[in-house]
Amino acid sequence: LTVVSFEYFIIAMPPAAAEAAAAAEDLLKRKTEIEDRLQELGVNPDAPSVTSKAASSAAPKRGRRSSRSTTNTEQDNDDSEDKKSHLIPYVPKTDTHWDFVMKEMMWLGADFQAERKRQISSAKKIASSVKQFHKTKETRRLRELHQAEMKRRKLAAKIGRDVR
């Protein structure tokens, strides 16, 4: 037997029961500490707010519409009370320095992508205009050669007519 002292009592009990009692006492102390801390923060643990996923998944599934009766309305009341007991207090999150850093990094990443896209499209436009310039330069050179040849032929034809 192990001797365990609670707040005002001294009890003799088996070792396993003593460990369980000590664990229960620790849990009760922790619960009161958490409740005190919540009160300091201004959060009311009994206040209704966001429901937990467990409460929504624990709700019973409804049958067909024809099978509804007065017992279902009683179940609805029980469900609403059950959901109220599973409410989680909602505390809005304030952004920390790291949140601002992450937002800035997301913006910077999007800005880099947009800049890269703009530069690539600009490079494509310039490349196509250079290609077009060289293509027209070549055709211009060929056209000038053809015109010079035609000019020589006309001159030769004129000289040939004058010789007769």
Side-chain angles (χ1 to χ4, degrees), residues 23 26-164:
D26 290 341
L27 288 174
L28 288 173
K29 285 180 184 177
R30 181 70 180 136
K31 179 183 174 186
T32 55
E33 289 173 4
I34 291 172
E35 287 174 348
D36 292 341
R37 180 70 177 134
L38 285 173
Q39 286 178 355
E40 287 175 12
L41 293 173
V43 177
N44 185 1
D46 298 332
S49 62
V50 180
T51 59
S52 68
K53 290 181 181 177
S56 63
S57 64
K61 304 291 182 197
R62 305 254 187 257
R64 282 187 279 161
R65 203 170 185 162
S66 61
S67 65
R68 292 189 110 186
S69 65
T70 56
T71 58
N72 282 346
T73 57
E74 292 171 5
Q75 286 178 351
D76 290 342
N77 291 337
D78 291 341
D79 290 344
S80 63
E81 290 174 10
D82 188 36
K83 286 180 184 178
K84 287 180 184 176
S85 67
H86 287 89
L87 294 179
I88 298 171
Y90 174 72
V91 178
K93 180 181 177 262
T94 57
D95 285 345
T96 62
H97 171 71
W98 190 249
D99 294 328
F100 288 111
V101 169
M102 295 307 290
K103 286 178 184 176
E104 181 73 17
M105 292 302 291
M106 288 173 59
W107 172 82
L108 197 59
D111 187 46
F112 269 77
Q113 284 180 342
E115 183 67 19
R116 180 174 169 80
K117 188 176 181 180
R118 186 192 63 79
Q119 287 180 349
I120 288 172
S121 67
S122 174
K124 283 181 181 179
K125 287 178 186 176
I126 291 172
S128 65
S129 65
V130 167
K131 186 178 176 182
Q132 184 66 30
F133 169 78
H134 286 292
K135 184 179 177 183
T136 56
K137 184 178 176 183
E138 181 67 23
T139 56
R140 190 179 319 124
R141 189 182 68 80
L142 290 174
R143 191 180 321 119
E144 287 173 358
L145 285 174
H146 182 66
Q147 286 175 352
E149 180 68 27
M150 293 306 287
K151 202 175 201 182
R152 278 195 300 251
R153 284 186 182 183
K154 284 183 182 181
L155 184 61
K158 185 177 180 186
I159 293 175
R161 280 191 303 261
D162 288 342
V163 171
R164 285 189 221 181

Neighbour count >12 (heavy atoms, 6.0 Å) for atom NZ, Lys93: yes
Flag side-chain contact, heavy atom, 4.5 Å: Arg37 against Glu33: no
Side-chain heavy atoms of Trp98 within contact of Met102, under 4.5 Å: yes
Beyond-backbone contact of Lys135 with Lys131, side-chain heavy atoms, under 4.5 angstrom: no
Thr139 side-chain N/O to Thr136 backbone N/O, donor-acceptor pair under 3.5 Å: yes
Asp99 versus Thr94, closest heavy-atom pair with distance: OD2-O, 4.1 Å
Interatomic spacing from CG in Leu155 to CZ in Arg153 - rounded to 0.5 Å: 13.0 Å
Atom pair OG1/CG of Thr32 and Leu27 - distance to nearest 0.5 Å: 10.5 Å
Value rounded to 0.5 Å, distance of CZ in Arg140 from CD in Glu138: 10.5 Å
Approximate separation, where rounding is to 0.5 Å, of Ile159 CD1 and Arg152 CZ: 12.5 Å
Min side-chain heavy-atom separation Lys154-Lys151 under 4.5 Å: no
